[in-house]
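Throughout, a chain's letter reflects where its sequence line sits, starting with A, and its residues are numbered from 1. In this text, all values refer to a predicted model and were calculated from it rather than measured experimentally.
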Protein chains: 2
Amino acid sequence: MTSGRETAEGESSELKFERSCCPITNVLDTLGDKWTLLVIRDLMLGKKRYHELIASPEKIASNILAERLKKLEVCGLVTRCAYQWKPLRHEYVLTQKGKDLRPVLDAMRRWGREYYPGTMVFATLPPC
Amino acid sequence: MTSGRETAEGESSELKFERSCCPITNVLDTLGDKWTLLVIRDLMLGKKRYHELIASPEKIASNILAERLKKLEVCGLVTRCAYQWKPLRHEYVLTQKGKDLRPVLDAMRRWGREYYPGTMVFATLPPC
DNA sequence: CCGGATCCGGTCTGATACTG
DNA sequence: CAGTATCAGACCGGATCCGG
């Protein structure tokens with residue numbers, strides 16, 4: 001695995017990902033954990049706001065959600081923009097790069113449905 | 001996330017996965033880490049033996065590889081069978097369930113190639 | 001030697017509490 | 001409500017050990 005992260009001097013830590021020559025390795029460097037793709041699934045389902053994301057049945061912890069959203073923004077999969085100013089509130093929407101992950105999720109969903117039958121929720125994702 | 005693992009009494013720990021109603025969640029419960037899909041990629045590339053797997057450029061640690069192979073066997077994605085007796089050596093081959101993950105890896109590879117250009121190794125996986 | 005198993009320090013995860 | 005701080009425990013992975 002390419003060494004995922006390096007910490008800059010001082011207190012600001014900056015994400016930096018090395019490129020592997022294998023595209024799958026690169027994908028797993030950014031998306032290879034339990035939560036990231038789940039957040040993306042929710043965004044594809046049309047959820048946009050923090051409270052919608054955190055209400056998912058998988059019960060992601062608030063710090064993990066915040067961290068993943070930040071990482072996704074850094075990696076260019078998600079953009080964050082304010083939809084309200086008092087108090088300040090943001091919406092998270094998938095970029096094209098993020099939306100293009102749909103075939104990955106579709107393939108996972110198909111495999112999951114085949115081998116873990118009885119799953120019906122999110123059986124088909126709505127169009128972006 | 002469904003609580004992945006529970007430890008049985010005594011010292012033998014047993015893997016047990018709960019089912020979520022979302023197929024993607026189930027997939028990520030078993031495959032949602034950096035190494036598992038990479039091992040499956042290697043097996044799809046035709047690698048079968050321990051030393052072939054551990055020689056991959058990503059430099060997986062030996063304990064992690066052994067652990068992942070064990071988990072994949074428990075989950076029914078891989079079968080382990082001896083190919084030699086003195087000394088005892090095993091081969092790891094994908095089951096149909098494992099082979100059926102090909103569309104997932106294909107989708108990842110396609111996305112990775114699009115957004116991390118310059119990746120050429122493993123550009124196309126050979127047929128199983 | 002090879003295929004693992006064991007050990008162990010460092011990192012990351014995630015439940016909870018906290019803040020504006 | 002939208003995040004941040006904290007902290008114990010889980011996990012990762014490098015080094016080492018061991019049986020065949």
Integer-rounded Å distance: [N] [atom2] and [X] [atom1]:
X	N	atom1	atom2	value
B:Lys86	C:dC2	NZ	C1'	16 Å
A:Lys34	D:dA10	NZ	P	15 Å
B:Ile54	D:dG13	CD1	C1'	11 Å
A:Ile60	D:dG3	CD1	C1'	13 Å
B:Ile64	C:dT11	CD1	C1'	13 Å
A:Glu52	D:dG3	CD	P	13 Å
A:Leu65	D:dT4	CG	P	11 Å
B:Lys70	C:dG4	NZ	P	9 Å

Handout entry: Short N-O contact, B:Lys71 and B:Asp33, less than 4.0 angstrom
Key = yes
Any side-chain N or O of [X] less than 4.0 Å from the OP1 or OP2 oxygen of [N]?
X	N	answer
B:Arg68	D:dC11	no
A:Arg80	D:dG3	yes
A:His90	D:dA2	no
A:Trp35	C:dG14	yes
A:Tyr92	D:dG3	yes

Exercise for the section: Report yes if the side chains of A:Met108 and B:Leu101 come closer than 4.5 Å at any heavy-atom pair, otherwise no. Expected result: no
Exercise for the section: Would you state whether a donor and an acceptor, one from the side chain of B:Asn63 and one from the base of D:dG14, lie under 3.5 Å apart? Expected result: yes
Practice task
Establish, from distance only, whether the side-chain atoms of B:Thr25 and A:Lys34 form a donor-acceptor pair under 3.5 Å.
Solution key: no
Handout entry: Any side-chain donor near an acceptor of the partner, A:Gln96 and A:Asp100, under 3.5 Å
Key = yes
Handout entry: Nearest listed nucleotide, side chain of B:Ser62, among C:dA5, D:dT4, D:dG13
Key = C:dA5
Problem - Row check, B:Tyr50 ring normal vs B:Arg89 NZ/CZ: under 6.0 Å, within 45° - result: no
Practice task
Assign B:Arg89 to base, sugar-phosphate, or nothing according to its heavy-atom contacts below 4.0 angstrom with the strands shown.
Solution key: base
